[in-house]
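Reviewing the structure listed below.
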Amino acid sequence: QVQLVESGGGLVQAGGSLRLSCAASGLTFTRYTMGWFRQAPGKEREFAAAISWSGPNTRYADSVKGRFTISRDNAKNTVYLQMNSLKPEDTAVYYCAAGYSGGVYRVEYDYWGQGTQVTVSS
């Protein structure tokens, strides 16, 4: 059974940092593009960042570019999202996702984690 388990969310002041982790199991981790999406209250889930199966290719939403960094450790079957210079508008539930054809769209991902809450206070 495929499982994606996020951790690392919490409450942080504006300008602070958090590192989210997503531990994957039940899949061949290196075969998947891994992505992070986020969903704020009352809004649709939106793309934040993705990293290809091989690791050299990353992409970011304009809203997080320059502040967030996605990385993966294939030996640990884990993907990370380093979040720096956090803003109140970054407040959302962050979801880890895995997909063979993963890109910027939700439909491109096959598996999803349960989400972890990130709250950025002013």
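Every value quoted in this text rests on a predicted model; they were computed, and no experiment measured them.
Residues Val120 and Lys87 have side chains not in contact (no heavy-atom distance under 4.5 Å, counting atoms from C-beta outward). Looking at Thr69 and Leu81, their side chains never come closer than 4.5 Å, going by heavy atoms from C-beta outward.
Comment: Lys65 engages Asp62 in a salt bridge, judged by a side-chain N to carboxylate O separation of less than 4.0 angstrom.
Listed here is the closest heavy atom pair of Val118 and Leu20: CG2-CD2, 4.0 Å. Of all heavy-atom pairs spanning Pro88 and Ser122, the tightest one is CG-OG, 3.5 Å. Annotation for Glu108 and Ser101: closest pair OE2-O, 2.9 Å, computed over non-hydrogen atoms.
Annotation: the span from Asp90 atom CG to Ser63 atom OG amounts to 7.5 Å, rounded to 0.5 Å. To the nearest 0.5 angstrom, Trp53 atom CH2 is 9.5 Å from Thr33 atom OG1. For the atom pair CG (Asn57) and CD1 (Ile70), the distance works out to 12.0 Å, reported to the nearest 0.5 Å. In this structure, Leu4 CG and Asn77 CG are separated by 10.5 Å, a value rounded to the nearest 0.5 Å. A distance of 12.0 Å separates CD of Glu44 from CZ of Phe37, quoted to the nearest 0.5 Å. Interatomic distance, Arg106 CZ to Tyr95 OH, rounded to the nearest 0.5 Å: 11.0 Å.
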Problem - Criterion side-chain contact (heavy atoms from CB on, under 4.5 Å) on Phe47 and Arg59, from CA distance to verdict - result: CA-CA 10 Å; Phe47 171 78; Arg59 63 197 307 177; 3.6 Å; yes
Exercise for the section: In sequence, state the C-alpha distance, the side-chain angles, and the governing distance for Val79 and Cys96, and then conclude on side-chain contact (heavy atoms from CB on, under 4.5 Å). Expected result: CA-CA 8 Å; Val79 63; Cys96 175; 3.7 Å; yes
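Atom CD of Gln13 sits in a sparse spot, with 12 or fewer heavy atoms from other residues, nucleotides or ligands closer than 6.0 Å.
Inspection of the Glu6 and Gln114 side chains reveals an N or O donor paired with an N or O acceptor under 3.5 Å. For Tyr94 and Arg38, the side-chain atoms include at least one donor-acceptor pair closer than 3.5 Å. Arg72 and Asn74 share a donor-acceptor pair across their side chains, judged by distance under 3.5 Å alone. If you check the side chains of Asn84 and Ser17, you find a donor sitting under 3.5 Å from an acceptor.
By the 6.0 Å and 45° rule, Arg67 does not stack over the aromatic ring of Tyr60. A cation-pi contact links Arg45 to Trp112, judged by a cut-off of 6.0 Å to the six-membered ring centre and 45° from its axis.
Test Tyr32, Tyr109, Tyr111 against Tyr100 for ring pair (Phe, Tyr, Trp, His ring centres under 6.0 Å) and you get one pass: Tyr32.
Linking Ile, Leu, Val, Met, Phe, Trp and Tyr whenever their side-chain heavy atoms come within less than 4.5 Å leaves Phe68 and Leu11 in two separate clusters.
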